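Have a look at the structure below before the remarks.
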Amino acid sequence: ETIGIPLLAQAVEKMRSGNVNIDPGFDGEFGKVKLFSDSERKRAKAHTPKLFTSEPAAKPKPGSAHKKKETAPPSSMTDPVSSKGNPELPPTPLTEDKGLIEGLNNEQKRAVLSDAARIIIQAGPGTGKTRTLTARAAYLVSENKTRPERILVMTFTHKAAREVEHRIKNQLPDIDSQVVTGTFHGFCLSLLQEFSDHPISIAEETARKALIRQAAALVGNRTGSVIPKPWVKAIDTAISLCKQSLLTPEDAPETQMPDDFKKNISSDRGSEGPGLDHPGKDTFLSVWTCYEEICKQLGLLDFDALIEKTIHMFKTRPDIAQTIQNRFDHILIDEYQDINKGQYVLTRMISETSNLLVIGDPDQSIYGFRGSDKKYFDLFTREHPDAEHYSLRQNYRSTQTILDASFQMITQKNKASGKEAIFSDLKSGRNLIIQETASEKAEAVAVGKAIERYIGGTSFFSMDANRVDAGGGPETDIEFSFSDFAVLYRTKKQCQAFIKAFENHGIPFQTADKENILALKGISEWIGLLRLAANRAGFLEIERLLDFFKAGLGTKGKLAFRQWFLSQDMTSAPDLLTRLEHLDIKGLRPSVQVRISAVAAELKTMITNVGKETLKDTLIELARESGIERLILEHQNSKDTFNRLLVLGDTPGMTLEGLLDRLALDQDPDQMDEGSEKVTLMTMHASKGLEFPVVFITGCEQGFIPYTRNAQEPENIDEERRLFYVAMTRAKQILCLTYAKKRPIFGIEKKQSKSVFLKDIEEKLKQYAKTAPLKKANQPAARQMELFG
DNA sequence: TTCAAAGAAGTTTTT
DNA sequence: CTTCTTTGAA
Ligand SMILES: Nc1ncnc2c1ncn2[C@@H]1O[C@H](COP(=O)(O)OP(=O)(O)OP(=O)(O)O)[C@@H](O)[C@H]1O
């Protein structure tokens with residue numbers, strides 16, 4: 001953080017003199033612009049006085065100002081012993097134990113040093129909750145209060161897990177930190193794997209959807225009707241909600257359903273009919289039961305089942321429960337306001353005999369749609385009346401202006417809201433910039449231009465009075481680098497416009513959230529093949545591969561084949577393929593059987609070479625030989641993802657199994673390289689816990705913020721408001737809210753009006769930017785010259 | 001059973 | 001504007 005600015009001054013110099021390395025990157029990927037070579041960075045780093053939060057001196061990372069995601073050694077959760085320290089890292093002398101505590105305010109210190117068995121920290125954004133949590137973990141280790149592997153830190157997202165892991169490592173540079181860090185789901189998966197005799201297969205999003213469709217079709221067949229698609233979707237959501245609340249199809253009819261459930265399923269029987277948009281409870285229960293049967297048959301667990309089964313395991317095997325309870329002395333949970341029933345029960349079980357610290361902010365609760373509920377947060381104090389309660393008041397992240405605006409928004413200027421405002425010492429700073437643009441495209445261009453202007457800094461455009469659009473006048477005297485910017489939006493779809501505009505403008509960027517990679521053409525087949533090679537293939541993978549090779553299985557054939565497959569006992573991949581070669585199923589045409597046997601033979605030769613070469617080569621080889629590569633190359637998205645996965649596969653120490661493990665839970669193939677000089681594009685949800693000097697919240701329009709489905713009333717306006725609050729409070733210095741007057745929805749342009757949330761912010765905190773006339777997009781090369789020339 | 005063409009329907013957020 | 005489903009023909 002400290003070196004960001006001096007380095008940048010140099011960067012601007014370099015850009016001007018044209019002394020910039022351009023790394024072309026992969027075919028089709030946007031080239032990276034490197035201002036400093038790694039060694040330059042290293043040297044600069046070495047001169048930097050080491051602060052509380054600073055990174056180990058030798059780590060070749062540039063000092064970008066936003067929080068960082070750890071480049072992934074295999075998760076310490078699944079592989080607690082193998083994460084060896086980077087050999088290049090000379091052991092830095094241990095920061096004097098006091099050093100950990102410095103840089104904390106009194107309240108934070110007390111929470112870090114506390115001996116209480118139950119601690120809760122409730123505090124607003126940017127008040128240093130996460131910092132306190134990581135400091136406590138580091139303190140416990142460095143003071144020898146416990147061993148690192150006896151500390152468990154749980155988060156709700158992978159991003160958060162990596163962030164916490166990274167921060168703890170930074171605070172314990174010389175200790176090969178083995179603090180166990182991960183998401184609830186990751187933790188549960190590793191436990192289930194540890195205590196189960198067979199490998200666990202996960203039905204991720206895509207597979208799950210397909211299975212529920214199958215179940216719905218089956219139930220439809222049975223009752224001689226067709227379950228309409230919207231119903232299937234409603235049932236899908238309802239199943240997930242129920243499972244998160246630890247309900248089963250057997251007890252569900254008798255139990256009070258979760259609140260959101262009612263939105264999806266009409267509760268009174270007999271009220272369903274073809275015209276209604278909600279299926280009835282009977283249909284719901286039949287499909288759910290059927291879905292669970294299919295999962296059981298195929299040996300699959302969906303995400304929700306990971307938590308559920310772990311709890312089940314603890315209940316039925318008290319010995320295992322005890323082992324786990326004994327394994328950890330300290331359990332620390334970040335963003336506790338996001339907890340749902342299942343996670344709550346799990347937490348209670350594992351923390352029975354250990355110390356527990358939870359931190360959170362009910363105003364930042366944004367995961368109601370996946371069953372989280374403030375009530376579990378409140379329950380903590382009631383269940384542990386002796387818990388120590390800390391609240392932090394000072395925000396160290398944002399300017400007072402940003403805090404004021406966000407506070408007005410969340411309280412709707414209601415003085416009597418009972419909420420306590422937090423304050424910042426950072427001098428009030430500039431107003432929020434509000435920008436209206438003509439269209440989605442114009443919005444993206446405006447943001448791009450604003451970034452160019454900030455990067456250019458004062459000296460660059462300050463003389464140019466005509467340049468006023470998003471970001472307003474260049475009166476700032478701070479210079480920024482690309483990694484200082486975040487562009488936030490409500491839905492993933494919205495990032496398309498920005499990707500295009502940024503490519504045209506020569507602005508390097510990275511997108512934090514991808515569409516589900518297993519939904520991409522070619523990728524799912526490829527991963528299926530990889531699973532086969534790793535002995536991890538189940539019915540779904542084989543079926544997918546047979547489809548790809550056009551084995552000729554129709555509806556009936558599939559059924560027969562499935563029956564045969566399920567009658568087989570578990571076996572290794574080569575053995576399974578041998579059986580497929582000598583297949584003899586009645587009810588399957590001989591021509592099909594011949595084809596399957598040929599495919600199986602081919603697959604067998606393909607997978608025999610696995611492990612002989614480097615992982616990356618193996619990955620490429622398998623794609624190429626199978627012909628899946630051709631399919632992948634036909635689709636741009638698949639191609640990009642393919643390349644990203646190859647990069648992931650090329651990380652040191654990565655194994656095929658490790659790759660598949662990681663992909664099973666976290667399907668984002670990117671490592672979100674924080675070192676790179678790139679603008680970050682992500683959803684508002686994904687931004688939680690992060691911070692950036694400059695934040696653009698885009699698409700501030702009714703229908704998006706708050707989000708509403710087909711112009712109806714917003715489903716949960718309070719949660720939408722909190723989400724906007726989270727997004728606003730990511731900004732350190734400059735916050736820019738943009739909206740477009742029209743936007744294409746379903747292909748047709750629709751008039752948009754600005755978000756009602758903006759009205760809750762006082763005028764005197766806002767300033768309005770004019771839109772510069774939209775010029776035709778230039779060639780990327782030309783734009784790059786303009787930017788750097 | 002596969003392929004092509006035409007038509008209908010559908011856009012949150014995450015593990 | 002896409003993605004899935006239905007329909008009809010080879
Ligand atoms: N005592 C302190 N002195 C100086 N800076 C601090 C202090 N505490 C926290 N910070 C800084 O404030 C910023 C926000 O801290 P942190 O991310 O821990 O807050 P948080 O409460 O977890 O926020 P959020 O709820 O938004 O995730 C970080 O940049 C952190 O380094």
Side-chain angles (χ1 to χ4, degrees), chain A residues 154-161 182-189 202-206 208-210 213 217 226 228-230 232-233 237 240-241 243-244 260 277 301-308 335 338-340 342-343 365-372 440 488-497 512-516 519-521 547 550-558 588-589 591-592 595 635 637 662-668 682-688 699 703-712 714-716 719-720 722-724 726-727 743-750:
Chain A
M154 298 260 244
T155 63
F156 291 85
T157 64
H158 301 296
K159 221 190 289 293
T183 63
F184 273 90
H185 291 86
F187 176 68
C188 288
L189 176 61
I202 294 181
E204 34 59 55
E205 204 58 12
T206 320
R208 170 172 202 279
K209 288 243 154 62
R213 256 203 312 269
V226 176
K229 219 164 45 167
V232 176
K233 215 184 152 190
T237 346
S240 184
L241 279 169
K243 290 179 84 166
Q244 277 160 348
D260 281 353
D277 41 350
L301 296 182
D302 60 22
F303 284 125
D304 303 320
L306 290 176
I307 311 267
E308 189 195 305
E335 312 280 14
D338 288 328
I339 202 156
N340 64 31
Q343 292 159 338
S365 147
I366 54 173
Y367 285 111
F369 66 90
R370 68 178 206 202
S372 73
E440 181 180 59
L488 309 183
Y489 36 81
R490 180 60 226 269
T491 69
K492 287 178 195 165
K493 283 243 154 46
Q494 289 170 264
C495 75
Q496 290 308 320
D513 25 43
K514 311 285 167 333
E515 64 258 85
N516 187 349
L520 295 174
K521 295 230 161 60
D547 279 347
K550 309 232 171 355
L553 282 171
T555 340
K556 277 192 185 153
K558 286 239 173 91
L588 219 54
R589 284 210 313 277
S591 65
V592 176
R595 181 85 190 112
H635 301 268
N637 280 349
R662 184 185 174 296
L663 254 28
L665 284 172
D666 181 5
Q667 302 185 8
D668 185 349
M682 63 184 162
T683 59
M684 292 159 64
H685 281 88
S687 73
K688 179 145 84 168
F704 282 88
I705 302 174
Y707 186 86
T708 53
R709 211 170 12 183
N710 22 297
Q712 282 159 16
E715 295 203 346
N716 189 347
E719 182 155 314
E720 293 292 320
R722 291 192 296 268
L723 179 60
F724 193 52
V726 168
R743 189 178 289 274
I745 307 215
F746 295 148
I748 34 171
E749 294 274 322
K750 269 195 75 182

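This structure is a prediction, so every number in the text was calculated from the model and none was measured.
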P atoms of dT12(B) and dT5(C), separation to the nearest Å
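Pairwise P distance, dT12(B) against dT5(C), rounds to 16 Å.
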With the criterion being N/O to N/O and under 3.5 Å, what pairs connect the protein with nucleotides 1-5 of chain B, and how long is each?
| unit_1 | atom_1 | unit_2 | atom_2 | d |
| --- | --- | --- | --- | --- |
| dT1(B) | OP1 | Gly554(A) | N | 2.7 |

N or O in side chain of [X] less than 4.0 angstrom from [N] OP1/OP2:
X: Lys229(A); N: dT6(C); value: no
X: Thr683(A); N: dT12(B); value: no
X: Lys493(A); N: dT13(B); value: no
X: Lys492(A); N: dT14(B); value: yes

Between Glu440(A) and Gln496(A), is a side-chain contact (heavy atoms from CB on, under 4.5 Å) present by the stated rule, with each step listed?
CA-CA 10 Å; Glu440(A) 181 180 59; Gln496(A) 290 308 320; over 6 Å; no
side-chain contact (heavy atoms from CB on, under 4.5 Å) evaluation trace for Asn340(A) with Tyr367(A):
CA-CA 9 Å; Asn340(A) 64 31; Tyr367(A) 285 111; over 6 Å; no
Between [atom2] on [N] and [atom1] on [X], what's the gap in Å once rounded to a whole number?
X: Lys688(A); N: dT14(B); atom1: NZ; atom2: C1'; result: 11 Å
X: Gln244(A); N: dT13(B); atom1: CD; atom2: P; result: 16 Å
X: Leu665(A); N: dT15(B); atom1: CG; atom2: P; result: 10 Å
X: Tyr489(A); N: dT11(B); atom1: OH; atom2: C1'; result: 15 Å
X: Ile339(A); N: dT14(B); atom1: CD1; atom2: C1'; result: 16 Å
X: Gln494(A); N: dT11(B); atom1: CD; atom2: P; result: 15 Å
X: Lys750(A); N: dT11(B); atom1: NZ; atom2: C1'; result: 12 Å
X: His685(A); N: dT13(B); atom1: NE2; atom2: C1'; result: 4 Å

What is the minimum heavy-atom distance between [X] and [Y], and which atoms define it?
X: Thr155(A); Y: Ala160(A); answer: CB-CB, 3.8 Å
X: Ile202(A); Y: Leu189(A); answer: CD1-CD2, 3.7 Å
X: Thr683(A); Y: Arg490(A); answer: CG2-O, 4.3 Å

Run Ile705(A) and Glu720(A) through side-chain contact (heavy atoms from CB on, under 4.5 Å) and show every step you take.
CA-CA 7 Å; Ile705(A) 302 174; Glu720(A) 293 292 320; 5.7 Å; no
With distance as the sole criterion, do the side chain of Arg490(A) and the base of dT13(B) form a donor-acceptor contact below 3.5 Å?
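Indeed, a donor on one side and an acceptor on the other fall under 3.5 Å apart.
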Would you call Arg722(A) and Glu719(A) a salt bridge, using N to O less than 4.0 angstrom?
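Result for this pair is yes, salt bridge flagged.
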Derivation and outcome, side-chain contact (heavy atoms from CB on, under 4.5 Å), residues Phe156(A) and Thr183(A):
CA-CA 5 Å; Phe156(A) 291 85; Thr183(A) 63; over 6 Å; no
Please tabulate, one pair per line, each protein N/O and nucleotide N/O from nucleotides 1-3 of chain C that are separated by under 3.5 Å, including the distance.
| unit_1 | atom_1 | unit_2 | atom_2 | d |
| --- | --- | --- | --- | --- |
| dC1(C) | N4 | Phe746(A) | O | 3.4 |

Should the ring pair Tyr707(A) and Phe704(A) be called parallel, tilted or perpendicular, given that the plane angle runs from 0 to 90° and is split at 30 and 60?
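Geometry flag for Phe704(A) against Tyr707(A): perpendicular rings.
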Touch class at under 4.0 angstrom, heavy-atom based, for Phe156(A) against every strand present:
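Here Phe156(A) touches the backbone only, sparing every base.
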Reckon Glu205(A) touches a base, only the sugar-phosphate, or nothing at all at heavy-atom distances under 4.0 Å?
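The residue Glu205(A) makes base contact.
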Evaluate whether the aromatic ring of Tyr707(A) and the six-membered ring of the dT13(B) base sit under 5.5 Å apart, centre to centre, with an inclination under 30°.
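So no, this residue does not stack on that base, at least one cut-off failing.
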Counting distance only, does the side-chain N/O of Ser687(A) pair as donor-acceptor with the main-chain N or O of Met684(A) below 3.5 Å?
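It does hold such a pair.
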Of the nucleotides dT12(B), dT14(B), dT5(C), which has the atom closest to the Ala686(A) side chain?
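Looking only at side-chain atoms, Ala686(A) lies closest to dT14(B).
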